[in-house]
Amino acid sequence: MLIQKEGEEASTSSMLIQKEGEEASTSSMLIQKEGEEASTSSMLIQKESEEASTSSMLIQKPPPEADGSKNLDTVDDPDTMEGIPIFANDWIMTHEEHHAARTLGVGKAIAVLTSGGDAQGMNAAVRAVVRVGIFTGARVFFVHEGYQGLVDGGENIREATWESVSMMLQLGGTVIGSARCKDFREREGRLRAAHNLVKRGITNLCVIGGDGSLTGADTFRSEWSGLLSDLQKEGKITAEEAKKSSYLNIVGLVGSIDNDFCGTDMTIGTDSALHRIIEIVDAITTTAQSHQRTFVLEVMGRHCGYLALVTSLSCGADWVFIPECPPDDDWEEHLCRRLSETRTRGSRLNIIIVAEGAIDKHGKPITSEDVKNLVVKRLGYDTRVTVLGHVQRGGTPSAFDRILGSRMGVEAVMALLEGTPDTPACVVSLSGNQAVRLPLMECVQVTKDVTKAMSEKKFDEALKLRGRSFMNNWEVYKLLAHVRPPVSKTGLHTVAVMNVGAPAAGMNAAVRSTVRIGLIQGNRVLVVHDGFEGLAKGQIEEAGWSYVGGWTGQGGSKLGTKRTLPKKSLEQISANITKFNIQGLVIIGGFEAYTGGLELMEGRKQYDELCIPFVIIPATVSNNVPGSDFSVGADTALNTICTTCDRIKQSAAGTKRRVFIIETMGGYCGYLATMAGLAAGADAAYIFEEPFTIRDLQANVEHLVQKMKTTVKRGLVLRNEKCNENYTTDFIFNLYSEEGKGIFDSRKNVLGHMQQGGSPTPFDRNFATKMGAKAMNWMTGKIKESYRNGRIFANTPDSGCVLGMRKRALVFQPVAELKDQTDFEHRIPKEQWWLKLRPILKILAKYEIDLDTSEHAHLEHINRKRSGEAPV
């Protein structure tokens, strides 16, 4: 969200969250990566990042205002990603511009290469660059083995076809190869590379890699004129060839599992690396509990502690060592005290996460062996070390990284084809739920500033330069891991936590965070079993610190959850609110939680006891709660669908000439079907929000008939469970079976409730943890604000809110104000951001379509908010 799988937020008191795409970021979201507060990630996004990414713009008109400063909304929102201004410009395209989309690349050539360390999701980006490039009429070339292939030329630079990127989407690493290239660092090497490009007429280069690879690309571009002049003097190219290749356009996509590039919430590969790490941590947790062991896990990341930090939040680690925030000089005493206190409270294990670049305040490395020896010597615990190593780079990419790579690839092509000699080299980035273009060297410079600040031991500055998403992750971690809960039994306020609606992975992580942050703030926290029904029946108990121990990685709902709404039980609910002295309510759930919140607001007219603050944390696989771009649990469901689709595609590829129709959950909301279609490479995705007719079904069948004539003899079609009451899964299966006779076979698969199960993804764990922290922070403040005449009385609209992620920010929105944005009959929001990604799905499946709208990503700037330094 995207994920995503992550722009995140803000200050310690506001505790945001981001997918990282979590930081949203989406994402997994993407995406939704993260994220968190937006980043996909991933899914897109985004999954930390929290928070995710948005649409990717196929054709774009120039911004109506030439002055960039007038186009950018730089509101000082504490929950937005620091240093990245907000844009929100949509242009409706004319018929002529529709046609322009198909001819934008005519006569142009694009080369794509992957350089530096490999990262899962690079193949998705390569696939998108190739297919969208071909869609626009451009020729697209693979450059094999990174910059080394660019220098060597020959068979290393080959023209790509539509079919040549088939079945790449689900593969890890990079199928076109990557290599560290010393030759390209020398001018002679770059001269040979320029010769190879000019001879093929290539003037557009898409580089997928880390900061070193992107810096090399910018150097190449800055020298381009001089290189052409030298080649012409040496007689290696003609004057006409030099004229045709007079300038070189460069666009970078950041592919790195370290997430160490400033300017983007989530880099391609980060969410997948977190998946690998969490899989191992979960496995280690079971053996650690069996033997009451302490495990020290070392994760990758070079000089960036992002992987270690998000891992610690996602697994509830006891301690984390990261290079940006070295521990205090007495950290040995503090660590041992922390571990022993955890054991005293009943825990049977300890988990310590160490980033490979961890150091103390004096710059001395802190290794996993050092930590192990300390624990053994001082506490005598049975302690083991596990160094994860390159397993973090391997495996299939997460849904967030596939969507992120695809979206970034689409935007990269558009940026290249719109480029002029005056356009600076840019990098396509993810900011919250948005795709943005940033000047490449500004991002590289800020990234280098972080390393410089750490080498100069200016750790506070380094932490700020990492961005608010990173800072917020750190603050939430410190609260949950380093602050001792009060020992007093008399709580400051009494807050109840409950789950409502269908189960969703990540609910338990949200409950854990809410309970523990509440306890840290001195509140008395109650948990309600079985939703509103349990609240009416008095199924309520007090929760202590250990009550929610180990809940972060558990799927489903430990408290129990039901779809029952409160309207018919308001009298009993009011009585129990008084009986248990409940002063605030945190509701974690889906559309039923939102509807229930509206009923509680309405019930205040009849029962004063209901005049208490409440906040809703969206948690549903359907991702259909108004007021939020992402819901806890959607990223996990999306990854479950993608895993199943990968296996089905493999089966179809083996049997040849077979089409699978897959039914996904989501009610009337087509989020899962659309995003899974994008992440799994589906040929079509039928959803309620985009009505279709028998003619559309007929066109899809004909499309598959033509596809079977190519080398790709398989098909994948997704259908949202309530997309059409008449065109059911069985109907579509029968139609495809009849029309495809003699050409292809058809099979159907209803995924069902497996989409609600499983262990939550890193994005959902991190997103839920930070949502819980932010919700409880808001609740404590709102209760104090509502204290009147010795009691709590909250009857204002803003005392009942949905906590949701909107583009680049986490915001509290009164439920009453969201009514106008809701389609209650179909249980979906009236506007949904992910619908803008539908054209990408169709283009990548080789449909001839017109693009009606396009969200334009124009060039922005990254600001470095440092003391005494003006923004760049």
Side-chain angles (χ1 to χ4, degrees), residues 1-2 7 24-27 29-32 35 37-38 40 43-46 51-58 73 77 79-80 86-93 403 407 431-435 590-591 593-595 597-598 616 618 620-631 634 666-675 677-678 685-692 720 722-723 801-842 851-857:
M1 210 212 197
L2 122 238
S25 330
T26 348
S27 301
M29 104 154 193
L30 261 147
I31 178 239
Q32 240 140 39
E37 265 41 324
T40 210
M43 273 219 137
L44 328 222
I45 184 130
Q46 316 307 73
E51 303 321 292
S53 87
T54 300
S55 144
S56 58
M57 333 50 297
L58 281 238
D73 176 7
D77 185 337
D79 290 348
T80 57
I86 294 173
F87 70 92
N89 294 324
D90 288 325
W91 288 276
I92 304 301
M93 294 194 299
I403 296 168
R407 292 182 59 189
S431 177
N433 201 23
Q434 305 290 303
F591 200 87
Y594 166 70
T595 307
L598 288 171
I616 297 161
T620 167
V621 301
S622 302
N623 196 34
N624 64 337
V625 178
S628 187
D629 291 344
F630 292 100
S631 298
Y668 287 98
C669 181
Y671 175 83
L672 287 180
T674 296
M675 301 304 271
L678 194 55
Y686 300 120
I687 62 171
F688 170 78
E689 293 90 344
E690 192 173 278
F692 57 96
N720 169 245
K722 291 187 178 180
C723 65
C801 290
V802 171
L803 171 57
M805 186 169 67
R806 285 292 181 91
K807 292 188 176 179
R808 307 186 189 190
L810 275 185
V811 292
F812 291 93
Q813 301 149 98
V815 291
E817 293 181 8
L818 292 172
K819 289 176 69 175
D820 292 339
Q821 304 174 27
T822 307
D823 176 352
F824 285 98
E825 180 184 355
H826 300 107
R827 297 161 50 91
I828 55 175
K830 291 180 180 178
E831 293 187 7
Q832 300 180 89
W833 68 271
W834 50 266
L835 287 170
K836 294 177 181 177
L837 300 185
R838 297 276 300 174
I840 302 175
L841 170 65
K842 295 174 183 178
L851 301 170
D852 296 328
T853 60
S854 163
E855 188 163 279
H856 188 89

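Numbering of residues begins at 1 and proceeds along the displayed sequence.
Put simply, the residue from Glu831, His826, Glu825 that forms a side chain to side chain contact (heavy atoms under 4.5 Å, CB included) with Ile828 is His826.
Across all non-hydrogen atoms, the minimal contact from Phe591 to Asn624 is CD1-O, 3.5 Å. Of all the heavy atoms in Val815 and Leu598, the pair that sits closest is O-CD2, 3.5 Å. Between Ser622 and Cys669, the shortest heavy-atom contact is O-SG, 3.3 Å.
Atom CG of residue Leu835 and atom OG1 of residue Thr674 lie 6.5 Å apart, to the nearest 0.5 angstrom. The distance from atom CD of Glu690 to atom NZ of Lys842, rounded to the nearest 0.5 Å, is 3.5 Å. The distance from the CG atom of Leu810 to the CG atom of Leu803 is 5.5 Å, given to the nearest 0.5 Å. One distance of note links CD1 of Ile616 with CD of Gln813; it measures 11.0 Å at 0.5 Å rounding.
Between Tyr668 and Phe688, the two ring planes are perpendicular [angle over 60°; tilted spans 30° to 60°].
A donor-acceptor distance shorter than 3.5 angstrom exists from the side chain of Glu689 to the backbone of Gly670, with no hydrogens or angles considered. Panel note: side chain Tyr594, backbone Leu818; a donor-acceptor pair is recorded below 3.5 Å.
A centroid separation of less than 6.0 Å is found between the aromatic rings of Trp833 and Phe630.
Within the 4.5 Å cutoff, side-chain heavy atoms of Ile687 are placed close to those of Arg838. Here the side chains of Met675 and Leu837 are in contact, with some heavy-atom distance below 4.5 Å. Counting heavy atoms from C-beta outward, Val802 and Pro626 have side chains that stay 4.5 Å or more apart.
More than 12 non-hydrogen atoms from other residues, nucleotides or ligands lie less than 6.0 angstrom from NZ of Lys830.
Residues Ser631 and Tyr671 bring no donor and acceptor atom of their side chains to less than 3.5 Å of each other.
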